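Each remark here refers to the structure printed beneath this line.
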Protein chains: 2
Amino acid sequence: MIQLHNDTDVCEELCEHDQIVCLAKAEMLLDEDARQIAETFKILGDPTRIKILHALSKRELCVCDIAAIVDMGQSAVSHQLRLLRGARLVKYRKEGKMAWYSLDDTHISLLLAQGIEHIKHG
Amino acid sequence: MIQLHNDTDVCEELCEHDQIVCLAKAEMLLDEDARQIAETFKILGDPTRIKILHALSKRELCVCDIAAIVDMGQSAVSHQLRLLRGARLVKYRKEGKMAWYSLDDTHISLLLAQGIEHIKHG
DNA sequence: TTATCATATGAACAAATGATCATATATTGT
DNA sequence: ACAATATATGATCATTTGTTCATATGATAA
């Protein structure tokens, strides 16, 4: 569950609609929660990473195949995969010198699908 | 629906797993779609905007109240609301000199909720 | 061991981002 | 008309981001 601010003196500042502001402040996300949520969406906020995630939503792929698929250098893809790993959006397994990447969880597909929905004027 | 690339000569480049890469390329998002999806997520990828959206998910708010709630300047909030409008994440109605903002659609709440789910190790 | 291949990572740099300040627009009240 | 208020926007600037290049790591093959 998201926690609420517990400050008792939340409404010192003057503002137009004191009651509403005070209530809304009490219900506000904690800075840290907002930061983490934004962090996750920020990682989703790049076309290259969207392409990678979309490709991975179909099947497990190794780095060099991803590079070929999204038509970018191995280094660029590897950097992006690092970010995706950091946000727990993808996971990988090592098999010899290859690294096979896949989505970390099925709910990532849902997030992606909702993003697609949105642009399709959903 | 998302369209597929229709290039017939998609697999000229050499790569490790030709079949898979060829198939994956055929299923790949169009650049323009990936760009738009990323654009939407990018807008969600900022703590200030997450806070604004979260506050708006509870109730309609005017600009100066939002500024008080997220504890930022009116100008900064107005700039962010512009971005949120551009991404069709919020809408607003004018009432005299006030502008009352709200989420553009209920599915925005769902997107937000999924982001929250993710950080709560969902 | 040495060469090769798949992947990861650090440095560097151009481009994008977000807050602030000053100012513009538009509505209301006197 | 003039002042006050709510919001919007342009310019500026420090910070962040994403790619590239060079190189490191680590596994396999000769």
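Note that this is a predicted model, so its numbers are computed, not measured. Protein chains get the first letters and strands the later ones, always in sequence-line order, with residue 1 at the start of each. Computation of the quantities below employed the complete heavy-atom set of this structure, encompassing side-chain atoms and omitting hydrogens, waters and symmetry-equivalent molecules.
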Kindly write out the residues that satisfy side chain to side chain donor-acceptor pair (under 3.5 Å) with [X], not counting sequence neighbours, or none if the list is empty.
X: A/E39; answer: none
X: A/E60; answer: A/R93
X: A/R82; answer: none

Ring pair (Phe, Tyr, Trp, His ring centres under 6.0 Å) contacts touching residues 18-40 of chain B (sequence neighbours left out): none
Residue pairs fulfilling ring pair (Phe, Tyr, Trp, His ring centres under 6.0 Å) with at least one residue in residues 59-93 of chain A, sequence neighbours excluded: A/Y92-A/Y101
Starting at atom [atom1] of [X], determine the distance to atom [atom2] of [N], rounded to an integer number of angstrom.
X: B/L44; N: C/dG18; atom1: CG; atom2: C1'; value: 16 Å
X: A/L83; N: D/dT16; atom1: CG; atom2: C1'; value: 12 Å
X: B/H79; N: C/dG18; atom1: NE2; atom2: P; value: 12 Å
X: A/Q74; N: C/dA8; atom1: CD; atom2: P; value: 7 Å
X: A/I43; N: D/dT17; atom1: CD1; atom2: P; value: 8 Å

Between the protein and nucleotides 24-30 of chain C, which nitrogen or oxygen pairs are less than 3.5 angstrom apart?
none

Listed partners of A/L110 passing side-chain contact (heavy atoms from CB on, under 4.5 Å), at least two apart: B/Q114
Residues forming a side-chain contact (heavy atoms from CB on, under 4.5 Å) with B/D46, sequence neighbours excluded: B/T48, B/R49, B/Q80
Earlier contact from the 5' end, DNA chain D, for A/Q80 and B/A99: B/A99
Output one line per pair: protein atom, nucleotide atom from nucleotides 14-17 of chain C, and distance, for all N/O pairs under 3.5 Å.
unit_1 : atom_1 : unit_2 : atom_2 : d
C/dT17 : OP1    : B/K42  : NZ     : 3.4

Donor/acceptor link under 3.5 angstrom from A/S75 side chain onto base of D/dT19: no
Sugar-phosphate only, base, or nothing, as touched by A/A76 at under 4.0 Å among non-hydrogen atoms: base
Counterpart residues, salt bridge (charged side-chain N to carboxylate O under 4.0 Å, His left out), relative to B/R59 (two or more places apart): A/E27
Any residue meeting salt bridge (charged side-chain N to carboxylate O under 4.0 Å, His left out) with A/R35, in chain and number order, not counting sequence neighbours: A/E32
Stem list, DNA chain D (Watson-Crick or G-U pairing under 3.5 Å, at least 3 consecutive pairs): C:1-30 with D:1-30
Side-chain ion pair, B/D105 and B/K91, N-O less than 4.0 Å: no
B/K25/A/D71 under salt bridge (Lys or Arg N to Asp or Glu O under 4.0 Å): CA gap, chis, key distance, verdict: CA-CA 9 Å; B/K25 268 199 175 184; A/D71 194 27; 5.4 Å; no
